[in-house]
Amino acid sequence: MMNQQMANAYKNQQILTSTPEQLTLLLYNGALRFMTESILAMEQGDTQKSHNANMRVQDIVREFMHTLDMSYELSKTWAQLYEYIEHCLIQGNMKKDVAQLQQAKGMLLELRDTWVEAMKQTHVARAVGK
């Protein structure tokens, strides 16, 4: 019990002290963790656990969609990707289709990796600009 409380305190502190870029990365990592949980649960026949994890991923994807700054052309492309991921999540959940969930997970992984690379490039650009 004490270990769980300490872990929760650490997570809360990590969130409170993170930059917006780091928070986005935390959300991507959380979505991927829940995605893995959903897939494993579905493969094991635990549809309720799979559904619950899937809904958490859907919540994160919707948050990404709502926070896009649509004044950028790139945001429109990312919005379409998020919409497709959401579609895969919903279809995978309704039809109990692991392939749909794997498709969503693969796309989330690519978007997360792209985000990490953008963070690195921004960090380098800031360091050079100083």
Side-chain angles (χ1 to χ4, degrees):
M1 186 70 166
M2 184 60 121
N3 287 339
Q4 185 62 38
Q5 289 174 338
M6 290 174 59
N8 287 338
Y10 174 78
K11 286 179 189 176
N12 286 338
Q13 189 61 30
Q14 184 181 23
I15 290 168
L16 292 173
T17 60
S18 293
T19 65
E21 295 85 7
Q22 291 167 328
L23 287 173
T24 299
L25 181 58
L26 288 172
L27 284 172
Y28 273 122
N29 288 335
L32 288 166
R33 182 171 43 90
F34 291 125
M35 199 73 252
T36 299
E37 182 179 316
S38 179
I39 291 167
L40 287 174
M42 189 173 290
E43 290 173 343
Q44 295 169 353
D46 190 342
T47 56
Q48 187 60 50
K49 184 175 181 180
S50 177
H51 169 77
N52 292 343
N54 184 300
M55 295 307 294
R56 299 204 55 190
V57 179
Q58 287 184 45
D59 288 343
I60 293 169
V61 170
R62 285 188 193 111
E63 182 64 23
F64 285 147
M65 291 190 314
H66 291 298
T67 59
L68 285 171
D69 182 347
M70 298 308 285
S71 64
Y72 297 100
E73 193 61 36
L74 181 62
S75 293
K76 294 172 186 168
T77 302
W78 282 56
Q80 291 173 334
L81 291 171
Y82 289 138
E83 287 173 9
Y84 182 71
I85 291 168
E86 181 182 37
H87 171 78
C88 290
L89 290 168
I90 292 168
Q91 292 302 308
N93 199 20
M94 287 176 26
K95 296 178 180 179
K96 310 305 179 220
D97 184 353
V98 173
Q100 289 279 345
L101 299 181
Q102 291 285 6
Q103 176 78 17
K105 182 180 179 182
M107 293 180 71
L108 283 168
L109 188 59
E110 285 185 43
L111 289 170
R112 193 273 317 263
D113 291 347
T114 300
W115 186 257
V116 168
E117 190 58 37
M119 287 176 63
K120 287 178 187 175
Q121 290 179 9
T122 301
H123 180 73
V124 168
R126 287 181 185 154
V128 170
K130 287 184 179 180

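Hydrogens, waters and symmetry mates play no part in the numbers below; they use all other heavy atoms, side chains included.
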>> Let me check something: do M70 and Y82 share a hydrophobic cluster, defined by ILVMFWY side-chain heavy atoms less than 4.5 Å apart, either directly or through other members?
In response: yes
>> Taking D46's backbone N and O only, do any of them form a donor-acceptor pair with S50's side chain (distance below 3.5 Å, no angle check)?
In response: no
> For E117, what residues pass the salt bridge (Lys or Arg N to Asp or Glu O under 4.0 Å) criterion, not counting sequence neighbours?
Replying inline: none
>> Using 0.5 Å steps for rounding, measure from the CD atom of Q80 to the OG atom of S75.
In response: 11.5 Å
> Which atom pair, heavy atoms only, marks the closest approach of G92 to M42?
Replying inline: O-CE, 3.6 Å
> Quick one: ring-ring contact (aromatic ring centres under 6.0 Å, His included) partners of F34, sequence neighbours excluded?
Replying inline: none
> CG/N93 to CD/Q100 distance, rounded to the nearest 0.5 angstrom?
Replying inline: 11.0 Å
> Which residues satisfy the salt bridge (Lys or Arg N to Asp or Glu O under 4.0 Å) test with E86, sequence neighbours excluded?
Replying inline: R62
> Is K49 close to L40 at the side-chain level, that is, under 4.5 Å between some pair of heavy atoms?
Replying inline: no
> Cluster partners of I90, using ILVMFWY side-chain heavy atoms under 4.5 angstrom, listed by chain and number?
Replying inline: M94
>> Measuring from atom CG of L101 to atom CD of Q91, what distance do you get when rounded to the nearest 0.5 angstrom?
In response: 10.5 Å
> Could you give the distance from OG1 (T67) to CH2 (W78), rounded to the nearest 0.5 Å?
Replying inline: 11.0 Å
> After noting the C-alpha distance and the side-chain angles of N52 and Q48, does the key distance pass the side-chain contact (heavy atoms from CB on, under 4.5 Å) rule?
Replying inline: CA-CA 6 Å; N52 292 343; Q48 187 60 50; 3.0 Å; yes
>> Using the rule given for side-chain contact (heavy atoms from CB on, under 4.5 Å), can you reason through V57 versus K105, listing the C-alpha separation, both sets of side-chain angles and the distance that settles it, and then say yes or no?
In response: CA-CA 10 Å; V57 179; K105 182 180 179 182; over 6 Å; no
>> Within this structure, what is the CE-CD distance for the pair M65 and E63, rounded to the nearest 0.5 Å?
In response: 10.0 Å
Less than 3.5 Å apart, which donor and acceptor atoms pair up between the side chains of residues 108-116 and the rest of the protein, not counting sequence neighbours?
from : atom 1 : to   : atom 2 : distance (Å)
R112 : NH1    : N29  : OD1    : 2.7
T114 : OG1    : E110 : O      : 2.8
W115 : NE1    : E21  : O      : 3.1

> Rounded to the nearest 0.5 Å, what separation is found between the CG atom of N54 and the CD atom of E37?
Replying inline: 11.0 Å
>> The criterion is salt bridge (Lys or Arg N to Asp or Glu O under 4.0 Å); which residues satisfy it with K96, sequence neighbours excluded?
In response: none
> Can you check side-chain contact (heavy atoms from CB on, under 4.5 Å) on K76 and L68, steps first, answer last?
Replying inline: CA-CA 8 Å; K76 294 172 186 168; L68 285 171; over 6 Å; no
> Cluster question for you: counting only ILVMFWY and a side-chain heavy-atom cut-off of under 4.5 Å, with indirect links fine, are I60 and Y84 together?
Replying inline: yes
